[in-house]
Amino acid sequence: MKKQHAFTFVELIVLVLILGILAATALPRFIESSQAIHQSAVDGAGGVFAATVELRHAQWQAQGGNPEVNSVTLKDGTRVIINNNGWPDSDDIPGNKISDSACVRLWQQTINTHAPGILAGEQVIKNGYLATGNTATCTYTYFKNDSANKSRNIVYNANTGKVTNTNAP
């Protein structure tokens with residue numbers, strides 16, 4: 001008859017301790033990488049939004065850069081409203097507050113395809129962006145919970161065409 005080999009109780013305790021130590025050192029690194037992923041998501045979406053804003057402005061300039069030209073039409077027929085300064089906007093009335101729903105339309109029209117999910121106003125959102133409007137600005141707040149609980153925003157100024165990403169604590 002063969003002799004069976006098994007772990008002793010002490011060996012099992014040592015194994016559990018080693019696994020616990022490994023888990024304790026790996027968890028902070030996992031949390032750190034999760035936060036970096038969320039920050040990269042906002043930076044990427046903000047970069048795409050900024051690039052398409054510039055592209056719409058270039059289309060407006062290619063049409064003569066005339067303040068009377070208040071829209072550009074994309075290849076798929078989507079019409080993007082352009083303000084007197086040549087930047088994508090929800091309307092062409094200076095000083096008007098951009099509504100939350102207009103910020104959603106602006107996001108969808110500007111990016112046009114493969115845009116991340118977006119909602120307007122105070123709607124609850126678990127994964128995507130919440131759009132809120134103000135005078136000449138749209139703020140797109142990223143909602144994806146992580147341990148950092150950071151406020152991550154993309155802010156678009158329709159007067160200047162400037163897109164700013166913030167990843168504030």
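The first residue of the sequence shown is numbered 1, and numbering continues consecutively from there.
- For the atom pair CZ of Arg152 and OH of Tyr129, the computed distance is 10.0 Å after rounding to the nearest 0.5 Å.
- No donor-acceptor distance shorter than 3.5 angstrom exists from the side chain of Asn159 to the backbone of Ala136, with no hydrogens or angles considered.
- In this structure, the side chains of Pro88 and Tyr156 come closer than 4.5 Å at one or more pairs of heavy atoms.
- Donor-acceptor pairing under 3.5 Å is recorded for the side chains of Asn153 and Thr141.
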Which is it for Ile82 and Asn70 under the side-chain contact (heavy atoms from CB on, under 4.5 Å) test, yes or no, and what are the steps along the way? CA-CA 5 Å; Ile82 301 293; Asn70 64 358; 5.7 Å; no
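- When hydrophobic clusters are built by joining Ile, Leu, Val, Met, Phe, Trp and Tyr residues whose side-chain heavy atoms come closer than 4.5 Å, directly or via intermediates, Leu55 is not grouped with Trp107.
- Distance CG/Asn157 to OG1/Thr164: 8.0 Å, rounded to 0.5 Å.
- Annotation: side chain of Val72 is in contact with side chain of Gln63 (closest heavy-atom distance under 4.5 Å).
- Taking the side chain as every heavy atom from C-beta outward, Tyr140 and Leu106 approach each other to under 4.5 Å.
- Closest of all the heavy-atom pairs between Asn84 and Trp60 is O-CZ2, 3.9 Å.
- A donor-acceptor pair under 3.5 Å links the side-chain atoms of Asn83 to the main chain of Gly86, judged by distance alone.
- Atom NZ of residue Lys162 and atom CD of residue Glu54 lie 11.5 Å apart, to the nearest 0.5 angstrom.
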Let me have the donor-acceptor pairs involving side chains of residues 7-17, under 3.5 Å, with sequence neighbours excluded, atom names and distances please.
{"from": "Thr8", "atom 1": "OG1", "to": "Glu11", "atom 2": "N", "distance (Å)": "3.3"}
{"from": "Thr8", "atom 1": "OG1", "to": "Glu11", "atom 2": "OE1", "distance (Å)": "3.4"}
{"from": "Glu11", "atom 1": "OE1", "to": "Thr8", "atom 2": "N", "distance (Å)": "2.8"}

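- A parallel orientation is assigned to the rings of His57 and Trp87, their planes being inclined by less than 30° (bins at 30° and 60°).
- Residues Thr73 and Arg79 bring no donor and acceptor atom of their side chains to less than 3.5 Å of each other.
- For the pair Thr25 (side chain) and Ile21 (backbone), a donor-acceptor distance under 3.5 Å is present.
- Residues Gly133 and Cys103 come closest through the heavy atom pair CA-SG, 3.5 Å.
- Val104 approaches Ala131 most closely through the heavy-atom pair CG2-CB, 3.8 Å.
- In this structure, the side chains of Ile98 and Asp89 come closer than 4.5 Å at one or more pairs of heavy atoms.
- A pairwise comparison of heavy atoms in Ile154 and Gly46 identifies CD1-N, 3.5 Å as the closest pair.
- At least one donor-acceptor pair under 3.5 Å links the side chain of Ser99 to the backbone N or O of Ala102.
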